[in-house]
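Everything on this sheet refers to the single structure shown next.
Any value given below was found using the heavy atoms of this structure, including those in side chains, with hydrogens, waters and symmetry copies removed. Counting starts at 1 for both ligands and their atoms, following the listed order. Positions are given from 1 along the sequence.
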Amino acid sequence: MTNGTREHWDEVYRTKAADSVSWYQPTPEPSLKAIDALQLPATASLIDVGGGASSLVDRLIERGWSDLTVLDIAAPALDVAKVRLGDDAMQVTWLVADVTVWRSGRYYDVWHDRAVFHFLTAPEQRLAYRHALEAGTAPGSVVIFATFAPDGPERCSGLPVQRYDAAALEAEFSPAFMLERDWREEHTTPGGGRQSFQWCIFRRR
Ligand SMILES: C[S@@+](CC[C@H](N)C(=O)[O-])C[C@H]1O[C@@H](n2cnc3c(N)ncnc32)[C@H](O)[C@@H]1O
């Protein structure tokens, strides 16, 4: 699964403009609102798992955050973000890895995943992700998830996805992670389509 997945995503980022993919957001507003509501100091650490070419780290650097990591299976995705950031790219730790195989050597205060976990359609993939999540978080760490909602698309980037409501995501991560907040978002794609997302914030017990 790892090799096929990597090839798929490498190809996506090599052949499509970053602002043309369905998940593109000019500004990652829902993530920023969620992070701002946490009222964490800018010294807090954050990992954007499957961050791709998202501008979340750009906006957090502007807010003074200094311990930022972006992990993605596709090196070309991270290259897009690095070029965009210029010298500021040196302020970010960039990791090319499959999250289901990678195991963090440190804890993060915030684990952010927008539209990555929902690609794991097999129980063993989700278990492997959970092991990565447990290695990268400590009691008190916050986990922010955005997945397609039950009325969201059945596929993304040509791949099947698992859709979730808050209760279903909670079932994946409880009891180790406590659900603190959940809400829905209607994302507008660059092509004008609408996609229902489920957002959840968990805290590790
Ligand atoms: C739909 S995109 C979302 C990108 C970004 N989170 C955003 O909101 O703009 C999914 C991302 O997950 C990455 N990805 C997919 N499977 C992965 C895996 N097993 N490990 C790490 N990254 C993965 C892809 O390369 C892609 O950048």
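Distances from atom 12 (O) of ligand 1 to the heavy atoms of V116, L71, V80, V70 put V116 nearest. Which of G50, S54, P30 comes nearest to atom 4 (C) of ligand 1 through a heavy atom is settled by distance: it is G50. In this comparison of D72, L56, T5, D48, the heavy atom closest to atom 25 (O) of ligand 1 sits on D72.
At a 4.0 Å cut-off, not a single heavy atom of A77 sits close enough to ligand 1 to count as contact.
Using a 4.0 Å cut-off between heavy atoms, Y13 contacts ligand 1 through its side chain alone, with no backbone atom that close. Residue A97 touches ligand 1 through its backbone alone, judged by heavy-atom distances below 4.0 Å. For I73, heavy-atom contacts with ligand 1 shorter than 4.0 Å involve the backbone as well as the side chain.
At a threshold of 4.5 Å between side-chain heavy atoms, the hydrophobic network of Ile, Leu, Val, Met, Phe, Trp and Tyr places W183 and L32 in one connected group.
Polar contact with ligand 1: present for R114 (N/O pair, distance under 3.5 Å). Annotation: C156 places no N or O atom under 3.5 Å from an N or O atom of ligand 1; distance criterion only.
Looking at D67, its side chain never comes within 3.5 Å of a backbone N or O of S45 through a donor-acceptor pair.
If you number the atoms of ligand 1 from 1 as listed, the ones under 4.0 Å from a heavy atom of G52 come out as 27 (O). Annotation for ligand 1: atoms under 4.0 Å from non-hydrogen atoms of D98 are 18 (C), 19 (N), 20 (N).
Seen from the ring of Y108, R106 counts as a face-on cation partner, given the 6.0 Å and 45° thresholds. Annotation: cation-pi geometry not satisfied between R130 and F177 (NZ/CZ under 6.0 angstrom from ring centroid, within 45° of ring axis).
The closest side-chain donor-acceptor pair between S141 and R203, if any, does not fall under 3.5 angstrom.
Paired with V70 under the rule side chain to side chain contact (heavy atoms under 4.5 Å, CB included), one option of V92, V49, T93 passes, and it is V92.
The environment of Y24 atom OH is dense: over 12 non-hydrogen atoms of other residues, nucleotides or ligands sit within 6.0 angstrom. Counting non-hydrogen atoms of other residues, nucleotides and ligands closer than 6.0 Å to CD of E154 gives a total of 12 or fewer.
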